[in-house]
Amino acid sequence: MPRKVSVAAWGAALFISWNAILLLYLMSRSRGTDHSDLTAHVIQLAEAAEAELEKQKGLLQQIHYYSGLLNNQQSPSHVRPAPVIPIKKSNMSSTSSPVRSDPLSLVIPILVVACDRPSVRRCLDSLLKYRPSAEKFPIIVSQDCGHEETGKVIDSYGDAVTHIKQPDLSEVAVPPEHRKFQGYYKISRHYRWALNQIFKTMGYKAAIVVEDDLEVAPDFYEYFQATLTLLQKDHMLWCVSAWNDNGKEALIDPGGNSLLYRSDFFPGLGWLLLRELWEELEPKWPSAFWDDWVRRPEQRLERACVRPELSRTRTFGRKGVSQGQFFDQHLRFIKLNQDPVAFSKMDLSYLLKDNYDPMFLEQVYGAPKARAEEVLHGQVPGGRTVRVEYTTKDTFKAMARAFGVMEDLKSGVARAAYKGVVSFTHRGRRVFLAPPKDWTGYDPSWS
């Protein structure tokens, strides 16, 4: 206890001293100023103050970080970091630096994209049920379509949510061959307007996007709050998703609810992005099919997303512009995590690219190689991991179909793939469906 008090006292004293220095510094800058140039000088002072405040923020974060280290040393219940796959802890990189959630982190709004589903109530009930703080996680429902019944459902939540409405409900001009895809054009237009409201009009610096046919896991907010720091730290990450495309019960580790991965495939279906990414994408935002567009190599730029072993969202929306595509055969079988994980108490630095890549590749190509038929028929003795190799698009699709994982590719990238590797479980064994070790990258013609 005395050590905790001394750390807190030291931090407070240092913070007060820094503010005093800042005040003297700004006062000294203001002496002898020509009033004819007052406006320019005020701008200079504001810029100087902003720079100094950024330094203060860094100082406070360091104080919190070292206090947290001291608390963790004294707490026997400190949670260990999760491995990338079920492996012995000795295989974890010892050079990873801690990445911890920051109590001074940003407010993260939940943008719910809605249209004409009164069942949005199920989505909002789920979000409100598990929301730990209305201040930290404001819920903003953006409604397109002008559907009156859906609008009444949203308004029935009163101050618990903010209801904004897309003003342009006109038909979108589309090429004649795309008339049946009018809905996809309207969705893309709505996303652009809604994300502009979040980042440009309201000024938020990060946001979690969900659609109105999703319900969330109990640790949905904890998951995104803890992984926000990864996005801020690693420029080769561009999103965090709550979704595992291969998250059927037969394909996941049932005890692996703390497992997180990097993925080259943009999963969507509950995802976190930073304002900087929107500023990059908005000027070239497509008129339709926005999700396939962001998966193209010229948008992805070799960046990855974080995704979980067990999904933190589940879709209940068979109705939609896709006419139930994948829902009956696949989406409705995705398992939603029900056992909360305290991600903010874990060291997630293993997900940073420099730590993750060598460890992941060692695990994949260090696993024994077997033929798909041997794995499918239980003819591979011993071991908890195995590698099945593919060399062509057709062999990948055939093997994926045999194991029950999703076989479709977007711009050459398979769902949930990282460096060409799709990881899943089969009868309790971790399977890496992987290209040869000398793989040189995705081929966009594999689509």
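Model, not experiment: these values are computed from the prediction.
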Visitor: Could you pull out the closest heavy-atom pair between Ala242 and Pro308, with the gap in Å?
Guide: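 Looks like O-CG, 3.5 Å.
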Visitor: If I compare all heavy atoms of Thr425 with all of Asp253, which pair ends up nearest, and what's the gap?
Guide: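 Taking every non-hydrogen atom into account, CG2-N, 3.8 Å.
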Visitor: When rounded to the nearest 0.5 angstrom, what distance separates CG in Leu310 from NZ in Lys335?
Guide: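 Spacing of CG (Leu310) from NZ (Lys335) equals 6.5 Å.
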Visitor: Strictly under 6.0 Å, is that where the ring centroids of Trp271 and Trp238 end up?
Guide: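 No; Trp238 has its ring centre 6.0 Å or more from that of Trp271.
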Visitor: Could you state the interatomic distance from OG (Ser411) to CZ (Arg296), rounded to the nearest 0.5 Å?
Guide: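 Going from the OG atom of Ser411 to the CZ atom of Arg296 covers 6.5 Å.
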Visitor: Ion pair present between Arg179 and Glu177, side-chain N to carboxylate O less than 4.0 angstrom?
Guide: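 Salt bridge flag = no for Glu177 with Arg179.
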Visitor: So do Leu352 and Lys233 actually touch side chain to side chain, heavy atoms under 4.5 Å?
Guide: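 Yes, close enough: below the 4.5 Å cut-off.
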Visitor: For the residue pair Ile164 and Ile140, establish whether any side-chain heavy-atom pair is separated by less than 4.5 Å.
Guide: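 Contact flag for Ile164/Ile140 side chains = yes.
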Visitor: Check for a donor-acceptor pair, side chain of His178 on one end and backbone N or O of Phe181 on the other, with a separation under 3.5 Å.
Guide: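 Flag not set: sc His178 to bb Phe181 has no pair under 3.5 Å.
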Visitor: Exactly one of Ile110, Leu124, Leu111 should register a side-chain contact (heavy atoms from CB on, under 4.5 Å) with Val141. Which one does?
Guide: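 It is Leu124; the other options fail the test.
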Visitor: Are side-chain heavy atoms of Val210 and Leu127 found at a separation under 4.5 Å?
Guide: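 Heavy-atom side-chain distance check passes, below 4.5 Å.
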Visitor: So Asp125 and Arg121, salt bridge (Lys or Arg N to Asp or Glu O under 4.0 Å) or not? Walk me through it.
Guide: CA-CA 6 Å; Asp125 285 348; Arg121 182 180 299 280; 5.2 Å; no
Visitor: Do you know which two heavy atoms are closest between Arg122 and Phe316, and how far apart they sit?
Guide: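 So the two residues come closest at NH1-CB, 3.4 Å.
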Visitor: Show your working on salt bridge (Lys or Arg N to Asp or Glu O under 4.0 Å) between Arg303 and Glu276 and close with a plain yes or no.
Guide: CA-CA 14 Å; Arg303 292 173 291 191; Glu276 290 82 358; over 6 Å; no
Visitor: Answer yes if the side chains of Thr392 and Asp394 hold a donor-acceptor pair under 3.5 Å, and no otherwise.
Guide: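 No pair is found: no donor N or O on one side chain lies under 3.5 Å from an acceptor on the other.
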Visitor: Going from CZ on Arg332 to CZ on Arg314, what distance comes out if it is rounded to the nearest 0.5 angstrom?
Guide: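 Answer rounded to 0.5 Å: 12.5 Å.
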Visitor: Say you draw a straight line from NZ of Lys186 to OG of Ser287; how long is it, rounded to the nearest 0.5 Å?
Guide: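 Rounded to the nearest 0.5 Å, the NZ-OG separation comes out at 14.0 Å.
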Visitor: Write down the atom of Asp219, the atom of Pro340, and the distance for their closest heavy-atom approach.
Guide: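 Scanning both residues, the minimum pair turns out to be OD2-CA, 3.6 Å.
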Visitor: Under the criterion ring-ring contact (aromatic ring centres under 6.0 Å, His included), I'd like the reasoning laid out for Tyr130 against Phe220: C-alpha separation, chi angles, the key distance, then a yes or no.
Guide: CA-CA 8 Å; Tyr130 297 118; Phe220 172 87; 9.1 Å; no
Visitor: Does any N or O in the side chain of Glu389 come within less than 3.5 Å of the main-chain N or O of Leu433, such that one atom is a donor and the other an acceptor?
Guide: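 No; judged by distance alone, with no hydrogens or angles, the pair does not exist.
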Visitor: To the nearest 0.5 Å, what is the distance between CG on Leu269 and CG on Asn244?
Guide: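 The CG atom of Asn244 is 11.0 Å from CG of Leu269, to the nearest 0.5 Å.
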Visitor: Salt bridge or not between Asp234 and Lys353? Use side-chain N to carboxylate O under 4.0 Å.
Guide: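 Salt bridge between Asp234 and Lys353, a charged N being under 4.0 Å from a carboxylate O: no.
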Visitor: Under 3.5 Å, is there a donor-acceptor pair between the Asp213 and Thr315 side chains?
Guide: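 Present: a donor and an acceptor within the cut-off.
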Visitor: Flag the pair Glu282 and Lys200 as a salt bridge only when some basic side-chain nitrogen lies within less than 4.0 angstrom of an acidic carboxylate oxygen.
Guide: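 Between Lys200 and Glu282 there is a salt bridge, with a charged N closer than 4.0 Å to a carboxylate O.
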Visitor: State which residue, out of Val341, Val306, Asn337, fulfils the side-chain contact (heavy atoms from CB on, under 4.5 Å) condition with Tyr223.
Guide: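 With Tyr223 as partner, Val341, Val306, Asn337 yield a single side-chain contact (heavy atoms from CB on, under 4.5 Å), made by Val306.
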Visitor: Do Leu348 and Leu260 have side chains that approach each other closer than 4.5 Å (heavy atoms only, starting at C-beta)?
Guide: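 Yes, close enough: below the 4.5 Å cut-off.
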Visitor: Residues in side-chain hydrogen bond (donor to acceptor under 3.5 Å, both in side chains) with Asp212, at least two apart?
Guide: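 Testing Asp212 for side-chain hydrogen bond (donor to acceptor under 3.5 Å, both in side chains), a comparison that skips the adjacent residues, returns Arg117.
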Visitor: Only one of His163, His190, Gln197 clears side-chain contact (heavy atoms from CB on, under 4.5 Å) with Ser142; which?
Guide: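 For Ser142, the side-chain contact (heavy atoms from CB on, under 4.5 Å) test succeeds with only one of His163, His190, Gln197, which is His190.
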Visitor: Atom CD of residue position Glu249 - does it have more than 12 heavy atoms of other residues, nucleotides or ligands inside 6.0 Å?
Guide: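 Atom CD in Glu249 is not crowded, with 12 or fewer foreign heavy atoms closer than 6.0 Å.
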Visitor: Taking the six-membered ring where the residue is Trp, are the ring centres of Phe343 and Phe224 under 6.0 Å apart?
Guide: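 Phe343 vs Phe224: aromatic centres not under 6.0 Å.
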Visitor: Do Trp193 and Asp144 have side-chain atoms, one donor and one acceptor, less than 3.5 Å apart?
Guide: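 The criterion, which ignores hydrogens and geometry beyond distance, is not satisfied for Asp144 and Trp193.
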Visitor: Any salt bridge between Arg262 and Glu302, counting N to O under 4.0 Å?
Guide: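 No, Arg262 and Glu302 are not salt-bridged.
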Visitor: So do Asn246 and Met406 actually touch side chain to side chain, heavy atoms under 4.5 Å?
Guide: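 Contact flag for Met406/Asn246 side chains = yes.
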Visitor: Taking the side chain as everything from C-beta on, heavy atoms only, tell me whether Val386 gets closer than 4.5 Å to Phe432.
Guide: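 Side chain of Val386 against side chain of Phe432, heavy atoms only: no contact under 4.5 Å found.
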Visitor: Are side-chain heavy atoms of Met399 and Val388 found at a separation under 4.5 Å?
Guide: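 Yes, their side chains come closer than 4.5 Å.
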Visitor: Please identify each residue that fulfils side-chain hydrogen bond (donor to acceptor under 3.5 Å, both in side chains) with Asp245, with sequence neighbours left out.
Guide: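 Expected list: Trp243, Arg415.
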Visitor: Grab the two heavy atoms, one from Val364 and one from Ala434, that are nearest each other, plus how far apart they are.
Guide: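 Answer, listing the atom of Val364 first, then Ala434: CG1-CB, 4.0 Å.
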Visitor: Using only atom types and a distance under 3.5 Å, with no angle test, would you say the side chain of Gln143 pairs donor to acceptor with the backbone of Cys115?
Guide: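 Yes: the side chain of Gln143 pairs with the backbone of Cys115.
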Visitor: In this structure, is the centre-to-centre distance between the rings of Phe396 and Trp446 below 6.0 Å?
Guide: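 Between Phe396 and Trp446, which both carry aromatic rings, the centre distance is not below 6.0 Å.
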Visitor: Exactly one of Phe360, Tyr261, Phe265 should register a ring pair (Phe, Tyr, Trp, His ring centres under 6.0 Å) with Tyr418. Which one does?
Guide: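 Single pass found, and it is Phe360.
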Visitor: Do other residues, nucleotides or ligands put more than 12 heavy atoms under 6.0 Å from Lys284 NZ?
Guide: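 Yes - once you tally the heavy atoms of other residues, nucleotides and ligands closer than 6.0 Å, there are more than 12.
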Visitor: Going by heavy atoms in the side chains, are Arg189 and Val172 under 4.5 Å from each other?
Guide: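 They are in contact (side-chain heavy atoms under 4.5 Å apart), so the answer is yes.
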Visitor: Please tell me whether Phe137 and Tyr221 form a close aromatic pair, meaning their ring centres lie under 6.0 Å apart.
Guide: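 Centroid separation for Phe137 and Tyr221: below 6.0 Å.
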Visitor: For the atom pair CG (Leu273) and CG (Leu195), what is the distance rounded to the nearest 0.5 Å?
Guide: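 That separation rounds to 6.5 Å.
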Visitor: Going through the checks in order, is the salt bridge (Lys or Arg N to Asp or Glu O under 4.0 Å) test met by Asp155 and Lys152?
Guide: CA-CA 5 Å; Asp155 289 338; Lys152 288 180 179 179; over 6 Å; no
Visitor: Is the backbone of Ser344 close enough, under 3.5 Å, to the side chain of Glu222 for a donor and an acceptor to pair up by distance?
Guide: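 Side chain of Glu222 to backbone of Ser344, a donor-acceptor pair under 3.5 Å: yes, one is there.
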Visitor: Do any N or O atoms from the side chain of Lys136 and from the backbone of Leu106 form a donor-acceptor pair under 3.5 angstrom?
Guide: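 Pair found, side chain donor or acceptor close to backbone of Leu106.
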Visitor: Go through it in stages, so that I can follow the logic: the residues are Arg429 and Thr385, the test is side chain to side chain donor-acceptor pair (under 3.5 Å), and I'd like the CA-CA distance, side-chain angles, deciding distance and then a yes or no.
Guide: CA-CA 6 Å; Arg429 173 180 277 127; Thr385 62; over 6 Å; no
Visitor: Who pairs with Tyr442 by ring pair (Phe, Tyr, Trp, His ring centres under 6.0 Å), at least two apart in sequence or on another chain?
Guide: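 For Tyr442 the ring pair (Phe, Tyr, Trp, His ring centres under 6.0 Å) partners, ignoring immediate neighbours, are Trp439.
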Visitor: State, to 0.1 Å, how close Tyr350 and Ser258 come at their nearest heavy-atom pair, and which atoms those are.
Guide: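 That closest heavy-atom pairing would be OH-O, 4.1 Å.
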Visitor: Check this for me: Glu148, atom CD, are more than 12 non-hydrogen atoms of other residues, nucleotides or ligands nearer than 6.0 Å?
Guide: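 No, because the 6.0 Å sphere around CD of Glu148 holds 12 heavy atoms or fewer from other groups.
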Visitor: Is a side-chain N or O of Trp285 found less than 3.5 angstrom from the main chain of Ser188, in a donor-acceptor match?
Guide: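 Confirmed, Trp285 side chain pairs with Ser188 backbone.
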Visitor: So which of Arg307, Arg300, Lys419 actually passes salt bridge (charged side-chain N to carboxylate O under 4.0 Å, His left out) with Asp264?
Guide: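 It is Arg300; the other options fail the test.
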